[in-house]
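The first residue of the sequence shown is numbered 1, and numbering continues consecutively from there.
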Amino acid sequence: YLMEIEYTYDFFVIGGGSGGLAAAKEAAKHGARVAVADFVKPSPIGTKWGLGGTCVNVGCIPKKLFHFASQWAENHKSSPQYGYPTMPDNLQHNWESMQTTVSMHIKKLNWGYKTALAEKNIKYFNKLGKVLDKHTVELTDKNGEK
């Protein structure tokens with residue numbers, strides 16, 4: 001005789017980067033019960049980040065924002081030719097302000113990913129996931145609790 005086993009999730013994703021989030025959303029779109037586990041162990045100096053993976057948190061996105069910011073003043077020197085006021089000659093850059101702006105943009109993206117999962121009824125675990133067998137995923141929180 002066949003025994004039917006009920007599982008909590010039909011599809012479990014470990015990793016909240018672009019690929020993991022896309023896979024989770026696609027599975028949910030097709031009616032699967034989906035969960036995502038995403039956790040990055042803090043670096044030796046305590047650096048940690050949210051949903052979105054390496055590109056969003058410490059790679060592509062912040063790099064592009066910092067690059068754009070580094071070119072802003074130079075690019076706007078020609079603005080009078082396009083009808084904008086002249087840039088002041090003594091324009092000062094504020095490193096802390098730039099860092100805060102980039103950090104807030106990344107946090108906004110992290111929050112957007114988290115809310116998108118909730119809107120699609122995808123359970124999010126801010127925990128480290130480890131596959132134990134074909135039907136079991138072990139989750140460990142930031143305190144080492146399983």
Side-chain angles (χ1 to χ4, degrees), residues 1-79 82-85 87 91-146:
Y1 104 96
L2 288 174
M3 186 169 87
E4 190 165 319
I5 299 172
E6 179 71 24
Y7 296 103
T8 308
Y9 300 104
D10 303 312
F11 192 71
F12 200 103
V13 177
I14 297 176
S18 58
L21 294 175
K25 290 175 192 174
E26 189 66 21
K29 184 170 81 174
H30 293 284
R33 295 169 298 167
V34 182
V36 173
D38 183 69
F39 181 78
V40 176
K41 292 179 183 177
S43 72
I45 61 168
T47 304
K48 55 187 177 179
W49 65 72
L51 273 171
T54 301
C55 178
V56 167
N57 290 284
V58 293
C60 314
I61 303 300
K63 178 202 65 117
K64 287 176 183 167
L65 292 170
F66 282 118
H67 181 74
F68 176 77
S70 74
Q71 295 180 325
W72 192 88
E74 185 67 29
N75 290 342
H76 286 78
K77 283 183 181 177
S78 62
S79 62
Y82 297 99
Y84 294 98
M87 294 284 293
L91 189 63
Q92 296 293 311
H93 181 265
N94 183 311
W95 179 260
E96 289 77 22
S97 177
M98 181 183 68
Q99 283 184 302
T100 299
T101 299
V102 169
S103 179
M104 292 308 295
H105 182 77
I106 301 307
K107 287 182 187 329
K108 182 175 130 185
L109 292 173
N110 298 147
W111 179 253
Y113 295 134
K114 192 182 284 191
T115 58
L117 292 178
E119 288 167 1
K120 293 169 180 23
N121 294 315
I122 299 170
K123 176 69 175 165
Y124 167 63
F125 294 97
N126 183 17
K127 298 182 179 188
L128 186 64
K130 178 182 175 184
V131 176
L132 296 181
D133 63 46
K134 67 182 184 176
H135 296 295
T136 310
V137 176
E138 178 183 79
L139 298 174
T140 306
D141 69 16
K142 65 182 179 181
N143 300 317
E145 298 288 324
K146 296 186 189 298

Between T140 and the options K130, E145, K146, the side-chain contact (heavy atoms from CB on, under 4.5 Å) test singles out K146
In Å, rounded to the nearest 0.5 Å, how long is the span from CD of E138 to CG of L128? 8.5 Å
Working to the nearest 0.5 Å, report the span between OH of Y124 and CG of L21. 9.5 Å
Do K41's NZ or CZ and the ring of F39 fall within the cation-pi criteria of under 6.0 Å and 45°? no
Using the rule given for side chain to side chain contact (heavy atoms under 4.5 Å, CB included), can you reason through H105 versus I61, listing the C-alpha separation, both sets of side-chain angles and the distance that settles it, and then say yes or no? CA-CA 9 Å; H105 182 77; I61 303 300; 4.2 Å; yes
Can you tell me how far the CH2 atom of W72 sits from the CE atom of M98, to the nearest 0.5 Å? 13.5 Å
Mind checking the CE-CH2 spacing from M104 to W111? Nearest 0.5 Å is all I need. 12.5 Å
Quick one: sort the Y9 and F125 rings into parallel, tilted or perpendicular, breaks at 30° and 60°. perpendicular
Side-chain touch K48/V40, heavy atoms, less than 4.5 angstrom: no
So, do T8 and R33 sit near enough that their side-chain heavy atoms are less than 4.5 Å apart? no
Looking only at heavy atoms, which two atoms of V36 and A24 are closest? And how far apart? CG2-CB, 3.5 Å
Do you know the tightest heavy-atom contact between V56 and P62? O-CD, 3.3 Å
Closest non-hydrogen contact found for F11 with A23 is CE2-O, 3.6 Å
Looking at H67 and K63, would you say the former's side chain and the latter's main chain have a donor-acceptor pair under 3.5 Å? no
Is there a donor-acceptor contact under 3.5 Å from the side chain of S103 to the main chain of T100? no
N-O pairing of K127 and D141 below 4.0 Å: no
Donor-acceptor pair, side chain of N57 and main chain of G50, under 3.5 angstrom: yes
Quick check: do W49 and T54 have side-chain heavy atoms less than 4.5 Å from each other? yes
For a 4.5 angstrom cut-off between non-hydrogen side-chain atoms, does V102 reach F66? yes
Intermediate values then yes/no, side chain to side chain contact (heavy atoms under 4.5 Å, CB included), L51 and L117: CA-CA 10 Å; L51 273 171; L117 292 178; 3.8 Å; yes
